[in-house]
Amino acid sequence: MSEHFSTDIKTLTRYILETQKHHPTASGDLTILMSAIQVGCKFVESCVRKASLVNLVGLAGNVNVQGEEQKKLDELSNDMFINALRASGKVKTMVSEEIDNVIICEGDGKYCVTFDPLDGSSNIDAGVNVGTIFGIFKHNKDSKTPEDDYKVPGSDIIIAGYCMYGSSCNLVIAIGEGQVDGFTLDPSLGEFILTHPSIRMPSRGKIYSANEGNSLYWDEATRKYIDSVKYPQTPGTKPYVARYIGSMVADVHRTLLYGGIFAYPSDTKSKDGKLRILYEGFPMAYICEQAGGKATTGLKRVLDLVPKDVHARCPIFLGSKEDVEDVEKTFAIYE
Ligand code: AHG
Ligand code: MN
Ligand code: MN
Ligand code: MN
């Protein structure tokens, strides 16, 4: 075997096939579904890579259900994922950040998919990392309405993942049983290759990540916690380092690898916070927990929430287990 080239590469598709081996009922449906998600991610990656060259930056001229001005890439990536997932034939319904209602698919797909096709889109025009976030749930045959499939706790999630479009294209996936793995797109092959096997989050970090431009509007508990890492009371303890990119995928990816805490708290401007439960909170909380971290609203485990509607939001503090436990202890004082 050549000492330069591996001829036994673990692609994402091979990885999913191998994990399916452990599920006797597996029919290959998840492999096909994940292939559709990979196509979407590769398409968005290619668009992001050349956005400024082909005039894909800037606004599309529409406002989405969130009240946000949609970027061209918001719409393009949204259309791509909807078409790829629908064509897979494995999806019963979908929820996208960019579409008001639940998207119904023909046929008898077994899965429900939630996704944020382009996360961090305010950063697109500046060439800063953006991403895609997705969660896969089982369709419940007892659901009376399409919405019923999404009124479930995040702990029902089967697979969660994100793809970050940055200096390289990194896809991180959590498939359950404490398994979180990272893949890097090899553009010459067009395949995601396993590069970060068995990601484990440090039990405590030294970085905090929050938009302090909102601190005027934070509640007392949030302010108390953030101050505790900025002005540590224990003699000899150094303050945490501040890092905030403004794309959830990038801030969470750094937190997953380096440890620490990422927070998007609620505030007087947005009482439930900004991040959406189904396609930002749940997938990222699941990935964090599977990697040994935690995710809380301050008062409740994020994965125990049951969203009232498909675009419901929640406050979120996620990251290293001990750091999140410090948040929970602080909030318990103010409960
Ligand atoms: P999206 O681009 O999908 O609408 O998500 C943006 C989110 C998330 O990526 C990030 O953590 C947060 O918005 C940043 O919000 P602020 O600019 O208010 O800090
Ligand atoms: Mn948005
Ligand atoms: Mn987002
Ligand atoms: Mn988005």
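Atoms within a ligand are numbered from 1 in the order they appear, just like the ligands themselves.
Among the atoms of Asp116, an N, O or S atom falls under 2.8 Å from the Mn ion (ligand 4). Among the backbone and side-chain atoms of Leu118, an N, O or S atom lies under 2.8 Å from the Mn ion (ligand 4). None of the N, O or S atoms belonging to Asp119 lies under 2.8 Å away from the Mn ion (ligand 4).
Using modelled atom types, one finds a donor on one side chain and an acceptor on the other under 3.5 Å when comparing Arg254 with Ser209.
Ion pairing between Asp119 and Arg276 fails under the 4.0 Å rule for side-chain N and carboxylate O. For the pair Glu325 and Lys321, the salt-bridge criterion is met [side-chain N within less than 4.0 Å of a carboxylate O]. Here Asp74 does not pair with Lys71 in a salt bridge; the nearest charged N to carboxylate O distance is not below 4.0 Å.
Restricting Glu68 to its N/O/S atoms, the shortest distance to the Mn ion (ligand 2) is reached by OE1. The atom of Glu280 that is an N, O or S and sits closest to the Mn ion (ligand 3) is OE2. Within Glu97, OE1 is the N, O or S atom that lies nearest to the Mn ion (ligand 4).
A donor-acceptor contact shorter than 3.5 Å is absent between the side chain of Thr297 and the backbone of Pro315.
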